[in-house]
Amino acid sequence: MLKARRILWAALSFALLLGSCKEDEDPTPSNTLTAKAGADQNVNAGSVVNLDGSASTDSENKPFEFSWAFSKKPAGSAANLASATTAKPTFTADLPGEYEVELTISNANGQSKDKVAITATVIEPIVIDANIRTKLTLTDRINNPAIPDYIVNANVSVNAELEIKPGVVIAFARDTRIEINDGGGVLLAKGDSAKPIRFIGKETTKGFWSGIVFRSSSSANTLEHVQVMHAGSKPLYATIKAGMAVLGAGRAEVNIKNCLFEQNAGYGLYLEYSVILASFEKNNFKDNTEAGILMGAENVKNLDTDSKFTNGNGRNVVEIFGSSLPKNATTEVVWKGFKDKTPYRILENIASDANWKLLPGVIIEVGRAGYITIEDGYFNAVGTETNNIIIRGAENSAAYWKGLLCFSTSDKNVIENAEVSGGGNIAIVSGKKANIAIYGGQSRMAIRKSVISNSGGYGIFVNYQGTINADVETVNTFKDNAQAKLLKE
């Protein structure tokens, strides 16, 4: 009986001990979360993918946090999740292939995971191989600037209005070109900073396709936020290779703003004499085999100070072929200095009948066969003490170019706070070599506060009919001229 009581007491004590231990334990919360990453998707390569985890739940209606991450994407893809800690992140499927994104939701109750698969396929570009005879609008079909929306497999003539929307990429087959013709052809290519329009080669190598030719005289022709790349495989005019050529037989006209001319096997842009450069703003010329731009003197006044010509081109200059500045008695022709200090390079002779003014900061380089002639109007080149004007040879050496010859009788012919050097490689007039020559009946010029140097002959030559300021020898600095600083007949 006693033994039975002892057994009963032991069992009761053990039960009480167990009960006491359970009361001391912390309860473990159950996981009440369910992640739902959304339905699998099929999208076009280059498009934006919208993910949606808003169907995820907590059975106790407690708030939770979102975290998305790629668990798979195509080799080479640079896709990144935007807003990865929200219910609805996005990413761009930049390459074709399989993407897998995992959603994790979590709070104090635990966490839950789910995955969504996205399959991106390539949209085939539309082939353009016929001339454009009726109004046509090209839209952005693929949201990836590396993938062309359209392919040009043969030369295309534009004889009607062609409008190109932001983001459009047109890839050209080898040696092909597009020509915007007069008599109906118009190009409206207006991209924006986020979605530029791109004219590129099917192979993205310098000199793959021929380029763009403008013959249209429409004032509506506009390129804004356009990239012209990989052209220059064949000449667009005579022997000139360029990303784009504007040709003047019909007074072709174009507006060019915020455009990029890059990796062209030739010039970035060629402007034939007599074309109309209606506007030109904030353009960039990079890594072109020749200079960024080749043009006539009459359009230089339309260039803006913010455009850039000094980034890896064969010659980081604005090249100006032999041409003239026509007379306009009521308008001053102003050449401005570029903010990136790009020089103007005169390849041959510029003959001016205009009222021609150089602003402070202008740099003019002249080729070995080049010279400047002021025939009528006036030549006014007034710099400042801190921002002078420079006129020198294309190679900054003595006796490199011919010089500046002034026949003009205007009292506005002034050179001040300038450097003129390297002229006099051959006689400029009357058998005389000089940096500056003032010649002919009533010709005149005032030269002050300037440096006249490195002439192959005289610093300044004035014939017996010309006039120069009486203090020219004392208010200027003459250095390293092969003959006297001044010859005044």
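- Under 4.0 Å is where a charged nitrogen must lie from a carboxylate oxygen, and between Glu179 and Arg215 at least one such pair does.
- The closest side-chain heavy-atom distance from Thr121 to Pro96 is not below 4.5 Å.
- No option in Asn284, Ile293, Asn283, Asn258 other than Asn283 meets the side chain to side chain contact (heavy atoms under 4.5 Å, CB included) test with Ser307.
- Results of the side chain to side chain contact (heavy atoms under 4.5 Å, CB included) test with Lys336 over Thr305, Val300, Val362 single out Thr305 as the only residue that passes.
- In this structure, Tyr439 and Phe407 have perpendicular ring planes: the angle between them is above 60°, well past the 30° mark.
- Minimum heavy-atom separation, Ala399 to Gly424: CB-O, 4.0 Å.
- No side-chain N or O of Ser157 forms a donor-acceptor pair with one of Asn155 less than 3.5 Å apart.
- Between the side chain of Ser410 and the backbone N or O of Lys412 there is at least one donor-acceptor pair closer than 3.5 Å.
- Here the shortest heavy-atom pairing between Val228 and Ile212 reads CG2-CD1, 4.0 Å.
- For the pair Ser47 (side chain) and Ala45 (backbone), a donor-acceptor distance under 3.5 Å is absent.
- At least one side-chain heavy atom of Phe214 sits less than 4.5 Å from a side-chain heavy atom of Leu187.
- Atom CD of Glu385 and atom CD of Glu416 lie 9.5 Å apart (nearest 0.5 Å).
- Residues Ile178 and Leu162 have side chains in contact (heavy-atom distance under 4.5 Å, counting atoms from C-beta outward).
- In this structure, Thr342 and Val318 approach most closely via the heavy-atom pair CG2-N, 3.8 Å.
- Contact check for Val333 versus Asn328: no side-chain heavy atoms found under the 4.5 Å cut-off.
- Closest approach of Gly248 to Glu272, counting heavy atoms only: N-OE1, 2.6 Å.
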CA sep, side-chain torsions, deciding dist, call: Tyr270, Glu319, side chain to side chain donor-acceptor pair (under 3.5 Å): CA-CA 10 Å; Tyr270 170 68; Glu319 285 195 349; over 6 Å; no
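- Counting only distance, with no hydrogens or angles, the side chain of Asn476 and the backbone of Lys449 share a donor-acceptor pair below 3.5 Å.
- Rounding to the nearest 0.5 Å gives a distance of 11.0 Å between CG of Asn380 and OG of Ser408.
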Residue pair Tyr99, Asp94: steps toward the side chain to side chain donor-acceptor pair (under 3.5 Å) verdict: CA-CA 10 Å; Tyr99 298 80; Asp94 58 340; 3.2 Å; yes
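- Put simply, CG on Leu223 and OG on Ser279 are 10.0 Å apart, with the number rounded to the nearest 0.5 Å.
- Glu332 CD: more than 12 foreign heavy atoms inside a 6.0 Å radius.
- When side chains are defined from C-beta on, Tyr400 does not count as touching Asn425, because their heavy atoms never get closer than 4.5 Å.
- The main-chain N or O of Pro145 is found under 3.5 Å from a side-chain atom of Arg198 such that the two form a donor-acceptor pair.
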Criterion side-chain contact (heavy atoms from CB on, under 4.5 Å) on Cys406 and Phe379, from CA distance to verdict: CA-CA 8 Å; Cys406 177; Phe379 180 74; over 6 Å; no
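- The local environment of NZ in Lys195 is crowded, with over 12 non-hydrogen atoms from other residues, nucleotides or ligands closer than 6.0 Å.
- At least one donor-acceptor pair under 3.5 Å links the side chain of Asp340 to the backbone N or O of Phe309.
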Working for side-chain contact (heavy atoms from CB on, under 4.5 Å), residues Val226 and Ile164: CA-CA 10 Å; Val226 172; Ile164 304 177; over 6 Å; no
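- We find the CD1-CD distance between Ile468 and Glu473 to be 9.0 Å, quoted to the nearest 0.5 Å.
- Atoms SG and NE2, from Cys259 and His225 in turn, are 8.0 Å apart once rounded to the nearest 0.5 Å.
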Worked verdict on Glu281 versus Asp306 for side-chain contact (heavy atoms from CB on, under 4.5 Å): CA-CA 7 Å; Glu281 298 176 13; Asp306 290 313; over 6 Å; no
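- Looking at Asn463 and Val429, their side chains never come closer than 4.5 Å, going by heavy atoms from C-beta outward.
- Look at Arg251 and Glu253 and you find no salt bridge, because none of the NZ, NE, NH1 or NH2 atoms lies under 4.0 Å from a carboxylate O.
- The neighbour count for Lys357 NZ, taken as heavy atoms of other residues, nucleotides or ligands under 6.0 Å away, does not exceed 12.
- The existence of a salt bridge linking Asp411 and Arg444 is excluded, since no basic side-chain nitrogen approaches an acidic carboxylate oxygen closer than 4.0 Å.
- Between the CG atom of Asn355 and the CG atom of Asp376 there is a distance of 8.5 Å, given to the nearest 0.5 Å.
- Taking the six-membered ring where the residue is Trp, Phe321 and Tyr273 present perpendicular rings, their angle passing 60° and hence far from 30°.
- Although no hydrogens or angles enter the test, the distance criterion places no donor-acceptor pair under 3.5 Å between the side chain of Asn454 and the main chain of Ala398.
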Pair Asn396-Ser421, side-chain contact (heavy atoms from CB on, under 4.5 Å): steps then yes or no: CA-CA 8 Å; Asn396 194 15; Ser421 66; 4.0 Å; yes
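- Counting heavy-atom neighbours within 6.0 Å of Lys432 NZ, excluding the residue itself, gives a total above 12.
- With hydrogens and angles ignored, the 3.5 Å screen pairs no side-chain donor or acceptor of Ser216 with any backbone N or O of Ile180.
- When the shell of 6.0 Å around NZ of Lys206 is examined, it contains more than 12 heavy atoms from other residues, nucleotides or ligands.
- Within a 6.0 Å radius of NZ in Lys488, other residues, nucleotides and ligands contribute more than 12 heavy atoms.
- Contact detail for Asn264 and Tyr267: the closest heavy-atom pair is CB-O, 3.9 Å.
- Annotation: side chain of Trp356 is in contact with side chain of Ile372 (closest heavy-atom distance under 4.5 Å).
- Side-chain contact between Ile391 and Ile415: absent, with no pair of heavy atoms (C-beta onward) separated by less than 4.5 Å.
- Side-chain atoms of Asn313 do not come within 3.5 Å of backbone N or O of Asn316 as any donor-acceptor pair.
- Separation of the Phe338 and Tyr344 ring centroids falls under the 6.0 Å cut-off.
- Asp149 places a side-chain N or O within 3.5 Å of a backbone atom of Ile142 that can act as its donor or acceptor partner.
- With Asn481 contributing its side chain and Ser455 its backbone, the two residues share a donor-acceptor pair below 3.5 Å.
- In the model, Thr384 has no side-chain atom that pairs as donor or acceptor with a side-chain atom of Asn417 under 3.5 Å.
- Across all their heavy atoms, Ser210 and Ala231 have their closest contact at O-CB, 3.7 Å.
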